[in-house]
Amino acid sequence: MQEVLERQEREIRKRRRRRATSKRAQRELDDQLAIAVALLDEENRSRRGSQKGRGPNVDRHRHSRGIVCGVPSSGRSDPRERKRKSAASMKAVVITTPGGPEVLQLQEVEDPELKDNEVLIKVEATALNRADILQRKGMYPPPPGSSPYLGLECSGTIEAVGKQVSRWQVGDKVCALLSGGGYAEKVAVPAGQVLLAPPGVSLQDAASFPEVSCTVWSTVFMMSRLSAGETFLVHGGSSGIGTFAIQMAKYWGAKVFVTAGSKEKLAFCKNLGADVCINYKMEDFVARVKEETGGKGVNVILDIIGAEYFRRNLDSLSFDGRLFVIGTMSGAVTETDLRVVLSKRLTIQAAGLRYRSPENKAEIVREVGNNVWPAIVAGKVKPVVYKYFPLSEAAEAHLLMESSKHIGKILLLP
C-alpha cells in the first residue's frame with residue numbers, strides 16, 4: 001500500500017510540473033507575441049513618416065537589432081537576410097533597352113551565382129569587343145544560361161571557387177574568356193576558361209588578351225594552320241584582333257600583310273612588325289597583295305569585314321589558300337563563283353567564339369596557355385591598350401569604339 005501511495009504522489013508531482021511548465025511557456029509565448037505586435041506597430045508608424053516614439057536600437061529591416069521576438073541577439077543578421085543583402089551587392093552595366101550607347105547604365109544587380117565548376121572573379125578590368133555593340137543593339141544575345149551583361153573577357157582576382165575546382169585558389173591573379181558578364185564588379189566563369197595573368201603584364205592590361213588570343217589562335221593557327229615561312233593577311237590591322245594577330249604571326253615566323261584606313265594606323269602596325277601595310281582607302285589590296293607575292297597571293301587571310309571583301313579575299317589567296325571569316329562588318333550576304341574556289345583548292349571557314357561549348361573553349365584556352373602565353377612572357381607579344389574608362393563611362397567607351405578612331409583595345413575599370 002505504501003508503495004502505491006508513493007507512486008501516486010510522484011505522478012501528481014509530475015503533472016504539477018508539466019502544468020507549471022506549460023503555463024510558463026504560454027506566458028513566454030504571450031510575451032513574444034506582444035513584442036512582435038509592438039515592433040510591427042513601430043515599423044508601420046515609421047513607414048508613415050513618424051519619427052516619434054521609436055524604441056532604442058531597433059533595426060526595422062529585421063524584427064530588432066538587439067532583440068528578436070524577446071530573445072537576446074548579438075546584432076548579427078540572420079544568414080538568410082545576409083544572403084538577401086548580398087544578392088544586390090555589386091554594380092554592373094545594364095542594357096536598359098536595345099539601342100545606342102546611351103542605353104548603358106551602371107546599376108546595382110545581384111551577385112553572380114557560383115556553380116560547382118566555376119570560379120568567382122573580382123574584376124580588375126574588362127575589354128570592349130565589337131560583339132558588345134551588337135548585343136547592346138539587341139542583335140547578339142548571350143548564350144542560354146550565360147550572364148545577361150556585356151563583357152567577353154576580364155582580368156582580376158579569384159574570390160571564391162566551386163566545389164569541383166581544384167586548379168585555382170582564392171587570391172590567384174587571373175584573366176578569363178567569358179560568355180558575358182565582364183562589365184561588372186564580379187563575374188562567375190567556368191574554371192577551364194581561366195588563365196593565370198601573364199608575368200610582366202599588369203593585371204589591368206591582362207584583360208586585353210583572352211578574347212583576342214583565343215580568337216586568333218583558334219582560327220589562324222589551330223584551324224587555318226598558319227606555318228613559319230607562309231604569308232598572312234589580316235584586315236583591320238589596327239583593331240584589337242589585328243594588333244594581336246600581327247605580333248603572334250611574326251612570332252610564329254610568317255610574313256604579315258595588313259589593311260588599315262590611315263597613315264597613323266599603318267605606321268603603328270608597321271612598328272608592331274607588319275611587313276606590308278596597305279591603306280584600303282587609297283589602294284586596291286588585291287593588286288598590292290599580288291604585287292608583293294609575285295602574283296601568287298597569300299596563304300591565310302583573317303577577315304572581319306565580311307560580304308564586301310569576300311570575292312576580293314578569294315582573289316588574294318594562293319593555291320591551297322585558307323580564308324577565315326570572323327566578322328560581317330560590311331554585311332553577311334554575298335555571291336561568289338565557286339569555280340575560283342575549286343580551281344585554287346581554297347578552304348573557306350567561319351566561326352565565332354562565344355557560342356562554342358565550355359569544353360571547346362577550355363581546349364582553346366589550354367592551347368593558348370601552351371603556345372601564346374610563352375610569347376607574352378618573353379615580351380614578343382605585348383598588350384596594346386588605347387584608352388581606359390571607368391565602368392560608369394561604358395557609353396563613352398562604346399562611342400569611341402564605334403568611331404573606329406582607336407588602335408588596339410579599350411578597357412573598362414570597375
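By convention here, the first residue in the shown sequence is residue 1.
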* Please lay out, stage by stage, how R322 and L346 fare under the test side-chain contact (heavy atoms from CB on, under 4.5 Å). => CA-CA 6 Å; R322 291 89 78 191; L346 301 181; over 6 Å; no

* Trace of the side-chain contact (heavy atoms from CB on, under 4.5 Å) decision for T157 with V174 -> CA-CA 6 Å; T157 305; V174 297; over 6 Å; no

* To do: Walk me through it: do I95 and L104 pass the test side-chain contact (heavy atoms from CB on, under 4.5 Å)?
  => CA-CA 5 Å; I95 303 172; L104 301 178; 3.8 Å; yes

* Worked check of side chain to side chain donor-acceptor pair (under 3.5 Å) between N371 and E367 -> CA-CA 6 Å; N371 296 283; E367 286 281 324; 3.3 Å; yes

* Asked: Stepwise, does the salt bridge (charged side-chain N to carboxylate O under 4.0 Å, His left out) test hold for K405 with E264?
  -> CA-CA 10 Å; K405 294 178 180 178; E264 178 190 9; over 6 Å; no

* Audit row: E153, N129, side-chain contact (heavy atoms from CB on, under 4.5 Å) steps and yes/no -> CA-CA 9 Å; E153 56 193 329; N129 291 278; 3.0 Å; yes

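With sequence neighbours left out, the salt bridge (charged side-chain N to carboxylate O under 4.0 Å, His left out) criterion links E363 to no other residue. With sequence neighbours excluded, no residue satisfies salt bridge (charged side-chain N to carboxylate O under 4.0 Å, His left out) with D172. Residues passing the side-chain contact (heavy atoms from CB on, under 4.5 Å) test with V212, sequence neighbours excluded: I241, F244, K409. For S318, the side-chain contact (heavy atoms from CB on, under 4.5 Å) criterion is met by N299, not counting sequence neighbours. With sequence neighbours left out, the side-chain contact (heavy atoms from CB on, under 4.5 Å) criterion links P98 to no other residue. The ring pair (Phe, Tyr, Trp, His ring centres under 6.0 Å) search around F221 returns W217, W252, not counting sequence neighbours. Under the side-chain contact (heavy atoms from CB on, under 4.5 Å) criterion, A245 pairs with V216, F232, V234, sequence neighbours left out.
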Do any side-chain atoms of residues 373-389 form donor-acceptor pairs under 3.5 angstrom with protein atoms, and if so which ones, sequence neighbours left out?
residue	atom	partner	partner atom	Å
W373	NE1	L196	O	2.8
Y388	OH	D205	OD1	2.6

What side-chain donor-acceptor pairs closer than 3.5 Å can you find for residues 180-195, not counting sequence neighbours?
residue	atom	partner	partner atom	Å
Y183	OH	D132	OD2	2.8
Y183	OH	H398	NE2	3.1
E185	OE1	K91	N	2.8
Q193	NE2	L177	O	2.7

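Salt bridge annotation for D275-K270: absent, with no cationic side-chain nitrogen under 4.0 angstrom from a carboxylate oxygen.
From D116, atom CG reaches atom CD of Q164 across 5.0 Å, with rounding to the nearest 0.5 Å. One finds the CG atom of L233 at 11.5 Å from the CZ atom of R288 (value rounded to the nearest 0.5 Å). Put simply, CG on L412 and SG on C154 are 12.0 Å apart, with the number rounded to the nearest 0.5 Å. Between the NZ atom of K250 and the NZ atom of K255 there is a distance of 9.0 Å, given to the nearest 0.5 Å. Between the OG atom of S239 and the CD1 atom of I304 there is a distance of 4.5 Å, given to the nearest 0.5 Å. A distance of 11.0 Å separates CD1 in I301 from CZ in R312, rounded to the nearest 0.5 Å.
Scanning both residues, W168 and V161, for their nearest heavy atoms gives O-CG1, 3.6 Å. Of all the heavy atoms in E230 and S227, the pair that sits closest is OE1-N, 3.0 Å. Summarising the geometry of T231 relative to G297, their closest heavy-atom pair is OG1-O, 3.9 Å, with the distance given to 0.1 Å. When all heavy atoms of G306 and D303 are compared, the closest pair comes out as N-OD2, 2.9 Å. For the pair A307 and T334, the tightest heavy-atom approach, listed with the atom from each and the gap, is O-OG1, 3.7 Å. Among all heavy-atom pairs drawn from C175 and P198, the shortest one is SG-CD, 4.5 Å.
Formation of a donor-acceptor pair under 3.5 Å by the S147 side chain with backbone atoms of Y149 is found in this model. In this structure a side-chain-to-backbone donor-acceptor pair under 3.5 Å is missing from T328 to G331. Side-chain atoms of R354 never come within 3.5 Å of backbone atoms of P143 as a donor-acceptor pair (strictly under, hydrogens ignored). Under a 3.5 Å cut-off, the side chain of T243 and the backbone N or O of S238 do not form any donor-acceptor pair. One N or O on the side chain of T96 and one on the backbone of V103 form a donor-acceptor pair closer than 3.5 Å. Within the 3.5 Å criterion, the main-chain N or O of I305 finds a donor-acceptor partner in the side chain of S330.
Note on residues 338-349: pairs passing side chain to side chain donor-acceptor pair (under 3.5 Å), not counting sequence neighbours, are D320-R345, D337-R339. For the ring pair (Phe, Tyr, Trp, His ring centres under 6.0 Å) condition, the pairs that include at least one residue of residues 299-332, sequence neighbours left out, are H235-Y309, F285-Y309. Screening residues 101-141 for ring pair (Phe, Tyr, Trp, His ring centres under 6.0 Å), with sequence neighbours left out, gives Y140-Y355.
No hydrogens or angles considered: a donor-acceptor pair under 3.5 Å links the side chains of K361 and S179. No hydrogens or angles considered: nothing links the side chains of R130 and Q135 as a donor-acceptor pair under 3.5 Å.
Put simply, the side chain of L266 does not reach to within 4.5 Å of the side chain of C269, judged on heavy atoms. R356 has its side chain within reach of S218: a pair of non-hydrogen atoms, C-beta onward, lies under 4.5 Å apart. Within the 4.5 Å cutoff, side-chain heavy atoms of L314 are placed close to those of I348. Contact check for N271 versus F268: no side-chain heavy atoms found under the 4.5 Å cut-off. For the pair V256/V276, no side-chain contact is recorded, criterion being any heavy-atom separation below 4.5 Å from C-beta on. Proximity of L353 to E211: side-chain heavy atoms (C-beta onward) are separated by under 4.5 Å at one or more points. Annotation: side chain of M90 is in contact with side chain of V109 (closest heavy-atom distance under 4.5 Å). Looking only at side-chain heavy atoms (C-beta outward), P101 and E396 stay at 4.5 Å or farther from each other.
Screening V368, I364, V365 for a side chain to side chain contact (heavy atoms under 4.5 Å, CB included) involving S213 leaves a single residue, V368.
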